[in-house]
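All ligand and atom numbering here is 1-based and tracks the order in the structure.
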Amino acid sequence: MADSLLLLDFWPSPFGLRVRIALAEKGVEFEYKDEDLSNKSPLLLQFNPIHKKIPVLVHNGRPLCESHIILQYIDEVWTDRSPLMPKDPYKRANARFWTDYMDNKMHDAGRNIRKKKGEAREAAKKEFIECLKLLEGELSDKPYFGGETFGFVDLTLISYACWFHTYETEGNFKMENECSKLMEWVKRCMERESVSKALPDPHKVYDFVLSMKKRLGIE
Ligand code: GS8
């Protein structure tokens, strides 16, 4: 019997996007369900009762939560194509280090650009740009963070790319001026169908942010 795969997700989520890109890289078909996070479905609450967050991948009726755990599961189940994780244990550990850095330090700084004002926003912008420069140094002259091949670290960072326009607009800066090599890497990743098909239009993401702010009464 064919595998059944259902992804509970929310369209602009970088955490969900990386799972969609990983499944596309592996050439695996799945059913997609977009959640209303202000009114979570019984399915989401049943399958992720601990965190009650997307993404949740339900494989043959069994749920998996937390995007990086899901990515590593996908890589371990569909081993015959497009490896996401490096083989070498040291490189694997390093890949986990950088993805953790992106989802914590960089993500928090990006969120603060959106949420804070005045000096606090300027500080968040400075921190965000520092994170990007550090990541650019880690990328170095390689085509991908994974070396010659697109992998786990690339997947994680590119899932934020549709948010870059929002960070730039709210923070009043241009990423191209701060980290042009990293922007070349974004373009390289966007040439992959798995990425370009999954990532939503950055303007649509920004419109979503503006509508959320309006709904919550935030300027
Ligand atoms: C984060 C998932 C997450 O924050 C992961 O999967 O890597 N560490 C987790 N999901 C958010 C949507 S994206 O901002 C979410 O589901 N939020 C709902 C809530 O907090 O109620």
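- Between Lys52 and ligand 1, a contact under 3.5 Å exists for no N or O pair.
- Of the candidates Asp80, Asp75, Thr79, Asp75 is the only one forming a side chain to side chain donor-acceptor pair (under 3.5 Å) with Lys26.
- Trp98 and Phe152 have their aromatic ring centers separated by at least 6.0 angstrom.
- A donor-acceptor contact closer than 3.5 angstrom links the side chains of Tyr160 and Asp103.
- Close approach to Ser13 involves these atoms of ligand 1, each under 4.0 Å from a residue heavy atom: 13 (S).
- Within 6.0 Å of NZ on Lys213 lie more than 12 heavy atoms contributed by other residues, nucleotides or ligands.
- With hydrogens and angles left out, the side-chain atoms of Arg18 and Ser67 include a donor and acceptor closer than 3.5 Å.
- For the residues Asp103, Ile54, Thr99, Ile70, the heavy atom positioned nearest atom 10 (N) of ligand 1 is part of Ile54.
- In this structure, His51 falls outside the shell of residues with a heavy atom less than 4.0 angstrom from ligand 1.
- Distances shorter than 4.0 angstrom do not occur between any heavy atom of His68 and any atom of ligand 1.
- Atom numbering of ligand 1 starts at 1 in the shown order; those under 4.0 Å from a heavy atom of Pro55 are 6 (O).
- When Lys53, Lys40, Glu66 are ranked by how near their heavy atoms come to atom 17 (N) of ligand 1, first place goes to Lys53.
- Taking all atoms of both residues into account, the shortest heavy-atom contact from Leu132 to Met106 is CD2-SD, 4.3 Å.
- Scanning the protein for heavy atoms near atom 6 (O) of ligand 1, the closest one is Ser67 N, 2.9 Å.
- Closest to atom 14 (O) of ligand 1 among all protein heavy atoms lies Phe15 CE1, 4.0 Å.
- Enclosure of atom NZ in Lys33 by more than 12 non-hydrogen atoms of other residues, nucleotides or ligands within 6.0 angstrom is indicated.
- Considering both main-chain and side-chain atoms, Arg18 never comes within under 3.5 Å of ligand 1 through any nitrogen or oxygen pair.
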